[in-house]
Participant: 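Below is the structure I would like to discuss, written out as structure tokens.
No experiment lies behind these values; they were computed from the predicted model shown. Hydrogens, waters and symmetry mates are skipped; everything else that's a heavy atom, side chains included, is used.
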Amino acid sequence: PVSGARVELQGLDMPRDVRRGTATAGVIAFDGGDAVAEGPFVITAIDPNGFAGRKSGRVVADGTAVTVDVFLFDATGTVAGRVVAPDAAGALLPVPNAEVVISNASGPLAFTLADAAGVFAVPLVPVGPYTVEAFDAATAARGRASGIVLGGSQPAAVTISLEAMG
């Protein structure tokens, strides 16, 4: 158990609630007024020495306790990229405000929104293979790409090209 780790919990379903706190003796609880809504969530933890980890979980019913063990790593990196979609002529244009979920073999690790230029960056992703899924709520277009986080200061770069569903 790590004391003093900063912890952030982010819901993946609407309304995408965010809870923050500091772990005491390696434990933090979000309950009462800070209770987490039913559905999937991602936890990010960073200890005072900079070791970090991410882990996903799911609340299956309101009021149900969920325990998630987050392992902190000294080897993490950033996944950065662009979300694009083809226009009628086939040119790739940025997709602003696309929803982006980064996952690895253990499940979702992070949720973010692309900016106005379709660009996103998520730090503290554990070293190893990852998958990025993107969704444009305005068009219901989806896309997926994958890569490997090597760690260090060079981000793992990825471009997600969205395709219309249906």
Participant: Heavy-atom distance under 4.5 Å between the side chains of Val66 and Phe41, does that happen here?
Facilitator: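 The answer is yes, as the side chains (C-beta and beyond) meet within the 4.5 Å cut-off.
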
Participant: Would you mind reporting whether Thr22 and Val7 have side-chain heavy atoms less than 4.5 Å apart?
Facilitator: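 A side-chain contact under 4.5 Å is absent here.
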
Participant: So, Arg54 versus Thr44: side-chain donor-acceptor pair below 3.5 Å or not?
Facilitator: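 The answer is yes; a qualifying pair exists.
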
Participant: Should Leu12 and Val42 count as side-chain neighbours, where that means a heavy-atom distance under 4.5 Å?
Facilitator: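 Yes; the side chains approach each other to less than 4.5 Å.
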
Participant: Does the side chain of Thr159 reach to within under 4.5 Å of the side chain of Val84, using non-hydrogen atoms?
Facilitator: yes

Participant: Determine, using the 4.5 Å side-chain heavy-atom cutoff (strictly less than), whether Ile28 and Val68 are members of one ILVMFWY cluster.
Facilitator: yes

Participant: Taking all non-hydrogen atoms of both residues into account, name the closest pair between Val158 and Ala145 and its distance.
Facilitator: CG2-CB, 3.3 Å

Participant: Using modelled atom types and a 3.5 Å cut-off, is there a donor and acceptor pairing between side-chain atoms of Asp136 and backbone atoms of Ala141?
Facilitator: no

Participant: If I take atom CG from residue Leu109 and atom OH from residue Tyr130, how far apart are they, to the nearest 0.5 angstrom?
Facilitator: 12.0 Å

Participant: I'd like to know whether Ile43 forms a side-chain contact (heavy atoms from CB on, under 4.5 Å) with Phe30, so could you lay out the CA-CA distance, the side-chain angles of the two residues, the decisive distance to 0.1 Å, and finally the verdict.
Facilitator: CA-CA 12 Å; Ile43 294 178; Phe30 297 103; 5.7 Å; no

Participant: Kindly say whether Phe51 contributes a backbone atom to a donor-acceptor pair with the side chain of Asn49 at under 3.5 angstrom?
Facilitator: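 No: the side chain of Asn49 does not pair with the backbone of Phe51.
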
Participant: Minimum heavy-atom separation for Arg82 and Ala117, please, with both atom names.
Facilitator: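 Heavy atoms of Arg82 and Ala117 come nearest at NE-O, 4.1 Å.
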
Participant: Less than 4.5 Å apart, any side-chain heavy atom of Val18 and any of Leu9?
Facilitator: no

Participant: Please report the closest heavy-atom contact between Pro96 and Ala116, naming both atoms and the distance.
Facilitator: CB-O, 3.5 Å

Participant: Using 0.5 Å steps for rounding, measure from the CD atom of Glu133 to the OG atom of Ser146.
Facilitator: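 Between atom CD of Glu133 and atom OG of Ser146 there are 10.5 Å.
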
Participant: Quick check on Glu163: does its CD atom have over 12 non-hydrogen neighbours (other residues, nucleotides or ligands) under 6.0 Å away?
Facilitator: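 Open: at most 12 neighbouring heavy atoms sit under 6.0 Å from CD of Glu163.
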
Participant: Could you grab the distance from atom CG of Asn97 to atom CG of Leu113, nearest 0.5 Å is fine?
Facilitator: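 Rounded to the nearest 0.5 Å, the CG-CG separation comes out at 6.5 Å.
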
Participant: To the nearest 0.5 angstrom, please state how far the CZ atom of Arg19 sits from the CD atom of Gln10.
Facilitator: 11.5 Å

Participant: Quick check: is Ile160 connected to Val149 through a chain of hydrophobic side chains (ILVMFWY, heavy atoms under 4.5 Å apart)?
Facilitator: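 Result: yes, single cluster for both.
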
Participant: Which atom names give the shortest non-hydrogen contact between Asp17 and Ala37, and what distance separates them?
Facilitator: OD2-CB, 4.4 Å

Participant: If you compare all heavy atoms of Ala45 against all heavy atoms of Val70, which two are closest, and at what distance to 0.1 Å?
Facilitator: CB-CG1, 4.1 Å

Participant: Are Ile102 and Pro108 packed together at the side-chain level, in the sense that at least one heavy-atom pair is separated by less than 4.5 angstrom?
Facilitator: no

Participant: To the nearest 0.5 Å, what is the distance between CG on Asp69 and NZ on Lys55?
Facilitator: 8.0 Å

Participant: Closest heavy-atom contact between Ala52 and Leu124?
Facilitator: CB-CD2, 3.6 Å

Participant: Keeping to residues at least two apart or across chains, list the salt bridge (Lys or Arg N to Asp or Glu O under 4.0 Å) pairs with something in residues 94-105.
Facilitator: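 Listed once each, the pairs are Arg16-Glu99.
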
Participant: If we only count heavy atoms from C-beta on, is the Leu162 to Val83 side-chain gap below 4.5 Å?
Facilitator: yes

Participant: Would you say Phe135 and Val100 make side-chain contact, with heavy atoms under 4.5 Å?
Facilitator: no

